[in-house]
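To start, the structure under review is shown below, and the notes come after it.
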Amino acid sequence: MKKVGVVDTTFALVDMAEYAVRALKARGTGFKVLRATVPGIKDLPVACRRLFLEGADLCLALGMPGKAEYDKTCAHEASLGLLYASVLEAKPIVECFVFEGEASGAKELHSLARRRAEEHALNAYALLFRPQELARHAGTGLRQGFADAGAVRPTR
Amino acid sequence: MKKVGVVDTTFALVDMAEYAVRALKARGTGFKVLRATVPGIKDLPVACRRLFLEGADLCLALGMPGKAEYDKTCAHEASLGLLYASVLEAKPIVECFVFEGEASGAKELHSLARRRAEEHALNAYALLFRPQELARHAGTGLRQGFADAGAVRPTR
Amino acid sequence: MKKVGVVDTTFALVDMAEYAVRALKARGTGFKVLRATVPGIKDLPVACRRLFLEGADLCLALGMPGKAEYDKTCAHEASLGLLYASVLEAKPIVECFVFEGEASGAKELHSLARRRAEEHALNAYALLFRPQELARHAGTGLRQGFADAGAVRPTR
Amino acid sequence: MKKVGVVDTTFALVDMAEYAVRALKARGTGFKVLRATVPGIKDLPVACRRLFLEGADLCLALGMPGKAEYDKTCAHEASLGLLYASVLEAKPIVECFVFEGEASGAKELHSLARRRAEEHALNAYALLFRPQELARHAGTGLRQGFADAGAVRPTR
Amino acid sequence: MKKVGVVDTTFALVDMAEYAVRALKARGTGFKVLRATVPGIKDLPVACRRLFLEGADLCLALGMPGKAEYDKTCAHEASLGLLYASVLEAKPIVECFVFEGEASGAKELHSLARRRAEEHALNAYALLFRPQELARHAGTGLRQGFADAGAVRPTR
């Protein structure tokens, strides 16, 4: 049975993991969820690697960087760490970050975080169980959390 | 028989892989294409490494970062991940990124993406099968997607 | 018995390690502290790796970058080094940096550094001994050194 | 017999490798040149690693980033990749980059590229065969492609 | 007997290694100095790794980036390379960089470079032979090349 690691933070303002796990389970079966919660986004890479060493086939890394310039730096560092852990283990890490500044107001932020977590959970599912679905949508401008951009046609 | 990995994203607005694979096959034979599609450009590095572990001798990584400042950061992170995967495996990854902001309008973007994908596919082919062709064009100002810059001569 | 590495610098203006170790010991028992002091924040990553090789299960890396633009660059480099060491060893490094510019005045800086060191020490403890406590606070907007941000609710 | 890898790009506007190899051969004997040409500067790191695996003792990596902001990002990424490959293999990579924007006009660019390629080739030679020559010039403000800066004296 | 690697560049305007080695030898005995000189700061990381492979227990990496924006990028890349080499080998690299722009005028630059090289040499000595000295100065605001900042007290 496949194992999906789901890692999130106590820093985030929304419990994105809850929505992600629900979306995963609503999407299909045949996998087990391994959960971990860490303080902040820079703690995600090692947590993912540890879940890989415990048998995870893929990790979903959920985080919500703050609004300050320094938070962007932290997100950049975390992303590089996630890339390093992922390539090192040769297993996918689906990064799902929602920047506080992306939404205006608490309600919109919650809604964005929920939707992006759900849609990245579906991406994670597809990577593990339905790679042909991703292939079918190659170059079609999919987005997570916002409306899809759609494909650009040569005749437009 | 050589194996060429071709990895693209569902985020991109153009199906660059289709053009790349066609260009590869029009150029020559004696290779097999391994395909993978991932959600976004930051998922490319691990996908390339996984194709290397499945036997790919080279990977072509196709992506289309958006227009926002954050998309540039993501592209930078993805590039570093591709460099890491490539050096780690000691196998070439030909990065082919088209930034949305490089073109004005959908038609031009499509045309640029197609041409760049095709020309990078030819680069990939040359790296694997015709290294002497690359050597013959050393320092001659070749470009992909735009007109070549041409060599600078000492007397100009 | 678990081992907690605590690494700090002679560059910092506050003895954060003292507060961190006190907070650790006040929180619980069943662990041994391994201490190291290095000149500056860029010396922290290798010091952490060395403590891991001596048996540490987790490291707390304490530092205080200065106010200049260059200090931010150094902090960024140090953070990437900490991420690298942590993922490489598959053991957590809790980074606790206080930027001089975060506080106005010596008293406030001292207070911030102390509080953040203590709260990150509690995070370190939780990571090692009480992971379920972190899980319980997933997505609740915890902060270290400042007041917690709190969770955002869908109905607000 | 020592082996010197010389890697350049089809992107560059000047055939720097030609000048570098000539300078190497004019400087001394007892080495063999291993050549590779890749499309762009980001392809240099893996090409160097591959030459190391073929026996190169040192690589000279020649490239010419364009004028745009994005070209600087690419150069930065390429440099990090070269550093990674070099440290990983524990063998020197002499990076010789000429930015288009460093010269005004084609003639000056050609002249700068030639001179820098030649001078970095001599550095490569010294690293392999005459380390004591480098030691003799420690802290003397040597430059490649431009006039040397010279040492700063305590009494000036 | 311990071995201290000391690596510097021909690019620097001051022979910092001379001052560093003198300071090391004035401080104590029981170690051997391994010397290497490379062209520029980006050549330092692999040189350190090579000295580690020759038995160095610690390396002192001395460099002097120029005044231009690009020099800062090079210093950043070199620093990341030094961090990578250091963590990889699990041995300390004491980075001692003096930026040309830090001093106004040649005399001040020379004096700053000398003092910083000497003080970092003492740090290197302490890391190897007197770790308890560093521990005694934890969080006391030590600086290298400039006056110490001193510790911040809770009551000030």
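The shown structure was predicted, so the numbers you read here are calculated from the model rather than taken from an experiment. Chain letters run A, B, ... following the sequence lines, proteins first, then strands; residues in each count from 1.
Of residues 41-68 of chain C, no residue lies under 4.5 Å from chain A by any heavy-atom pair. Heavy-atom neighbours of chain C within the stretch residues 24-34 of chain A, taken at a separation under 4.5 angstrom, are nonexistent. Taking non-hydrogen atoms and a 4.5 Å limit, the residue list of residues 116-141 of chain C in contact with chain A, ordered by number, reads C:Asn123, C:Leu127, C:Leu134, C:Ala135, C:His137, C:Ala138, C:Gly139, C:Thr140, C:Gly141.
Heavy-atom distances place both the backbone and the side chain of C:Lys91 under 4.5 Å from chain A. Of the atoms belonging to A:Glu69, not a single heavy atom falls under 4.5 Å from chain C. For a residue to count as touching a neighbouring chain, one of its non-hydrogen atoms must lie under 4.5 Å from one of that chain's; by this rule A:Ala85 touches chain C with backbone and side chain alike. Heavy atoms closer than 4.5 Å to chain C are found in the side chain of A:Arg35, but not in its backbone. For a residue to count as touching a neighbouring chain, one of its non-hydrogen atoms must lie under 4.5 Å from one of that chain's; by this rule A:Thr9 touches chain C with the backbone only. Neither the backbone nor the side chain of C:Leu82 comes within contact range of chain A; no heavy atom of the residue lies under 4.5 Å from a heavy atom of that chain.
Comparing C:Val94, C:Leu142, C:Ile93, C:Leu83 by how many heavy-atom pairs each has under 4.5 Å with chain A, the most go to C:Leu142. When each of A:Leu80, A:Val14, A:Asp8 is scored by its heavy-atom pairs under 4.5 Å with chain C, the top score falls to A:Val14.
Evaluation of the ring pair (Phe, Tyr, Trp, His ring centres under 6.0 Å) rule for A:Tyr84 yields B:Tyr84, C:Tyr84 as partners, not counting sequence neighbours.
Here the closest heavy-atom approach between residue A:Tyr70 and residue C:Glu95 is recorded as OH-OE2, 3.8 Å.
Counting only heavy atoms from C-beta outward, the side chains of C:Arg153 and A:Lys107 never approach each other to under 4.5 Å.
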